[in-house]
Amino acid sequence: MTNLGFVGLGIMGKPMAGHLAAAGHTVHVFNRTPKTAQELGTKNFVVCKSSREVAEKSDVVFTMVSDTPDVEKVIFGPEGLFDGLKHSSVVIDMSTISPVATKDFAKRLSARKVHMLDAPVSGGQAGAEQATLSIMVGGEAPVFERVKPYFDLMGKNVIYIGTNGAGQTCKLANQILVAATLEGVSEALVFASKAGVDPSKVRQALLGGAAQSRILDVHGKRMIDRNFVPGFKISLQQKDLNLVLQTARSMGVSVPSTAIAQEFYNSLAGQGCGDLDNSALVQVLEKLAGKIVEE
């Protein structure tokens with residue numbers, strides 16, 4: 001079995017690393033909070049003291065952290081991966097970060113004869129735990145084929161998109177759709193509830209027609225049940241939508257629905273709700289309508 005590395009054992013990274021280890025691979029791990037790494041147990045896991053140590057002991061290293069600066073620090077910062085990477089090794093960033101920065105990171109790693117893939121994911125905590133993530137990959141096609149068996153351990157929909165940065169661009173397109181659909185579902189359920197109609201029955205009916213979507217199914221139920229325990233936090237959604245807006249601005253592309261959704265999330269964050277699930281967007285529409293979505 002291959003020696004693998006995994007840096008970033010948060011709500012997503014921890015179960016993803018677990019699937020690699022469960023398949024029999026030795027996984028060298030590092031997390032900023034040592035306790036999290038130690039909680040993994042010892043079977044097929046080797047806890048390291050730094051990202052550099054992970055790189056020194058691994059042929060393929062996965063990173064799963066919060067934002068672009070975090071990825072840069074993990075790879076190029078003090079005691080980062082860069083100082084320990086071997087020639088022909090592969091760095092696979094599964095975070096959601098800037099496509100522009102991703103291309104720069106790949107270029108810098110290439111000078112060291114190290115390959116990089118950007119492989120952001122969609123599916124949330126449940127997808128990470130159940131190994132059903134959608135994985136969108138950018139980088140060199142032969143490198144993708146080489147490491148695809150590892151992706152298959154973590155996801156069910158693994159798609160090669162194109163060159164470096166293409167995976168991140170695809171993920172941002174995903175976030176545009178998620179944000180717009182969350183906003184639409186919120187509006188629809190608030191509208192029905194304000195009219196005195198049972199939103200749970202409206203949701204059930206809509207799931208059988210042209211308006212059906214996973215967002216309506218999963219997040220619509222969260223809105224009705226008032227279950228905002230985070231599967232994907234508002235603060236992370238804010239970060240992703242900021243990336244969309246920054247990238248769109250650099251290309252001269254208008255994304256008005258995304259901009260509106262981001263303002264709703266900014267409002268929630270300003271009220272101290274950044275750690276709630278992103279389906280809590282409905283609370284902004286509820287305040288505007290003076291009506292809470294409820295059965």
Side-chain angles (χ1 to χ4, degrees), residues 7-16 31-33 36 62-77 92-105 118-128 133-136 138 161 164-183 186 215 219 222 228-251 253 255-284:
V7 178
L9 302 170
I11 194 170
M12 299 287 287
K14 190 174 181 179
M16 291 164 69
N31 195 68
R32 286 180 297 182
T33 307
T36 304
F62 298 86
T63 59
M64 188 59 165
V65 293
S66 296
D67 203 350
T68 307
D70 302 306
V71 175
E72 184 168 26
K73 183 177 180 180
V74 163
I75 299 176
F76 301 106
I92 303 173
D93 178 39
M94 304 191 77
S95 321
T96 299
I97 68 169
S98 163
V100 176
T102 292
K103 293 175 185 178
D104 176 62
F105 297 164
D118 47 292
V121 304
S122 180
Q125 181 179 0
L133 293 169
S134 179
I135 305 176
M136 317 153 211
I161 306 298
N164 286 114
Q168 295 295 352
T169 299
C170 182
K171 176 59 186 290
L172 295 188
N174 176 85
Q175 298 304 74
I176 291 172
L177 286 170
V178 168
T181 309
L182 276 166
E183 184 181 346
S186 297
I215 299 293
H219 292 81
R222 279 178 168 270
F228 302 125
V229 175
F232 190 73
K233 292 181 180 180
I234 285 170
S235 58
L236 293 176
Q237 185 77 318
Q238 272 189 298
K239 181 265 296 184
D240 289 356
L241 296 188
N242 276 334
L243 289 173
V244 171
L245 295 171
Q246 291 166 8
T247 306
R249 190 177 302 114
S250 72
M251 299 187 297
V253 174
V255 284
S257 294
T258 304
I260 292 170
Q262 181 68 318
E263 286 305 315
F264 288 160
Y265 284 120
N266 289 342
S267 172
L268 287 165
Q271 298 171 54
C273 299
D275 286 337
L276 295 183
D277 186 78
N278 59 357
S279 59
L281 181 149
V282 71
Q283 293 183 348
V284 178

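Heavy atoms only: backbone and side chains are in, while hydrogens, waters and symmetry mates are out.
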Engineer: Say you draw a straight line from CG of Asp67 to CG of Asn242; how long is it, rounded to the nearest 0.5 Å?
Structural biologist: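 So the gap between those two atoms works out to 8.5 Å.
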
Engineer: Give, for atom NE2 of His219 and atom CG of Asn278, the distance between the pair rounded to the nearest 0.5 Å.
Structural biologist: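 Answer for the NE2-CG pair, His219 versus Asn278, is 4.5 Å.
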
Engineer: Please confirm whether the backbone N or O of Gly167 pairs with a side-chain atom of Asp118, one donor and one acceptor, at under 3.5 Å?
Structural biologist: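 The answer is yes, because a donor-acceptor pair under 3.5 Å joins these two groups.
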
Engineer: Which pair of heavy atoms, one from Leu268 and one from Ala280, lies closest together, and at what distance?
Structural biologist: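 In terms of heavy atoms, the two residues are closest at CD1-O, 3.5 Å.
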
Engineer: Ignoring hydrogens and geometry, is there a side-chain-to-backbone donor-acceptor pair from Asn31 to Leu9 under 3.5 Å?
Structural biologist: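 The answer is yes, because a donor-acceptor pair under 3.5 Å joins these two groups.
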
Engineer: Sub-3.5 Å donor-acceptor pair from the side chain of Tyr265 to the main-chain atoms of Leu236, do we have one?
Structural biologist: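 Such a contact is absent between Tyr265 side chain and Leu236 backbone.
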
Engineer: How long is the straight-line distance from OG of Ser95 back to CG of Asp240, given to the nearest 0.5 Å?
Structural biologist: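 Answer rounded to 0.5 Å: 10.5 Å.
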
Engineer: Looking at Gly10 and Pro15, what are the two nearest heavy atoms and their distance?
Structural biologist: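 Taking Gly10 first and Pro15 second, the nearest heavy atoms are O-CD, 4.1 Å.
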
Engineer: Taking the side chain as every heavy atom from C-beta outward, state whether Phe264 and Val282 have any pair of such atoms under 4.5 Å apart.
Structural biologist: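 The answer is no, as the side chains (C-beta and beyond) never meet within the 4.5 Å cut-off.
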
Engineer: Less than 4.5 Å apart, any side-chain heavy atom of Glu72 and any of Phe105?
Structural biologist: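 Side chain of Glu72 against side chain of Phe105, heavy atoms only: contact under 4.5 Å found.
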
Engineer: In the structure I gave you, are the side-chain heavy atoms of Val121 and Thr96 within less than 4.5 Å of one another anywhere?
Structural biologist: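 Side-chain contact under 4.5 Å: no.
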
Engineer: Will you find, in the side chains of Gln175 and Gln237, an N or O donor that is under 3.5 Å from an N or O acceptor?
Structural biologist: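 Judged by distance alone, the side chains do pair up.
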
Engineer: Do Asp277 and Val229 have side-chain heavy atoms sitting under 4.5 Å apart?
Structural biologist: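 Not in contact.
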
Engineer: Is there a donor-acceptor pair closer than 3.5 Å between any side-chain N or O of Gln168 and the backbone N or O of Ile97?
Structural biologist: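 Flag set: sc Gln168 to bb Ile97 pair under 3.5 Å.
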
Engineer: Could you tell me whether Lys239 atom NZ has more than 12 heavy atoms of other residues or ligands within 6.0 Å of it?
Structural biologist: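 It does: Lys239 NZ has more than 12 such atoms within range.
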
Engineer: When you measure from the side chain of Ser250 to the backbone of Thr247, do you find a donor-acceptor pair of N or O atoms at a distance under 3.5 Å?
Structural biologist: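 Yes.
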
Engineer: Distance check, rounded to the nearest 0.5 Å: Leu243 atom CG versus Thr169 atom OG1?
Structural biologist: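 The CG atom of Leu243 sits 10.5 Å away from the OG1 atom of Thr169.
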
Engineer: Indicate the atoms forming the closest heavy-atom contact of Ile161 with Cys170, along with that distance.
Structural biologist: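 Minimum heavy-atom separation between Ile161 and Cys170: CD1-SG, 4.0 Å.
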
Engineer: Nearest heavy-atom pair of Met12 and Gln125: which atoms, and what distance?
Structural biologist: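 Nearest pair, atom of Met12 first, then Gln125: SD-N, 3.6 Å.
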
Engineer: Report the residue from Val7, Val65, Asp70 that forms a side-chain contact (heavy atoms from CB on, under 4.5 Å) with Arg32.
Structural biologist: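 In the set Val7, Val65, Asp70, the residue that makes a side-chain contact (heavy atoms from CB on, under 4.5 Å) with Arg32 is Asp70.
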
Engineer: We want to know whether Ser267 and Gln271 form a side-chain donor-acceptor pair, criterion being a heavy-atom distance below 3.5 angstrom.
Structural biologist: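 Judged by distance alone, the side chains do pair up.
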
Engineer: Check for a donor-acceptor pair, side chain of Ser98 on one end and backbone N or O of Ala101 on the other, with a separation under 3.5 Å.
Structural biologist: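 Yes; judged by distance alone, with no hydrogens or angles, the pair exists.
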
Engineer: Roughly how far, to the nearest 0.5 Å, is NZ of Lys171 from CD1 of Ile135?
Structural biologist: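 Output value for this atom pair is 11.0 Å.
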
Engineer: With a 3.5 Å cut-off and no angle check, do the side chains of Asp93 and Thr63 form a donor-acceptor pair?
Structural biologist: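 Distance-only check passes for Asp93 and Thr63.
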
Engineer: Considering only heavy atoms from C-beta outward, does the side chain of Val71 approach that of Thr68 to under 4.5 Å?
Structural biologist: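 In short, these two side chains do not touch, never coming nearer than 4.5 Å.
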
Engineer: Identify the two heavy atoms, one from Ile92 and one from Ala119, that lie closest to each other, and give their separation to 0.1 Å.
Structural biologist: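 Taking Ile92 first and Ala119 second, the nearest heavy atoms are CG2-CB, 3.9 Å.
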
Engineer: Show the nearest heavy-atom pair for residues Gln238 and Asn266, with the distance to one decimal.
Structural biologist: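 Taking every non-hydrogen atom into account, NE2-OD1, 2.8 Å.
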
Engineer: Give, for atom CD of Gln283 and atom CD1 of Ile234, the distance between the pair rounded to the nearest 0.5 Å.
Structural biologist: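 That separation rounds to 7.0 Å.
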
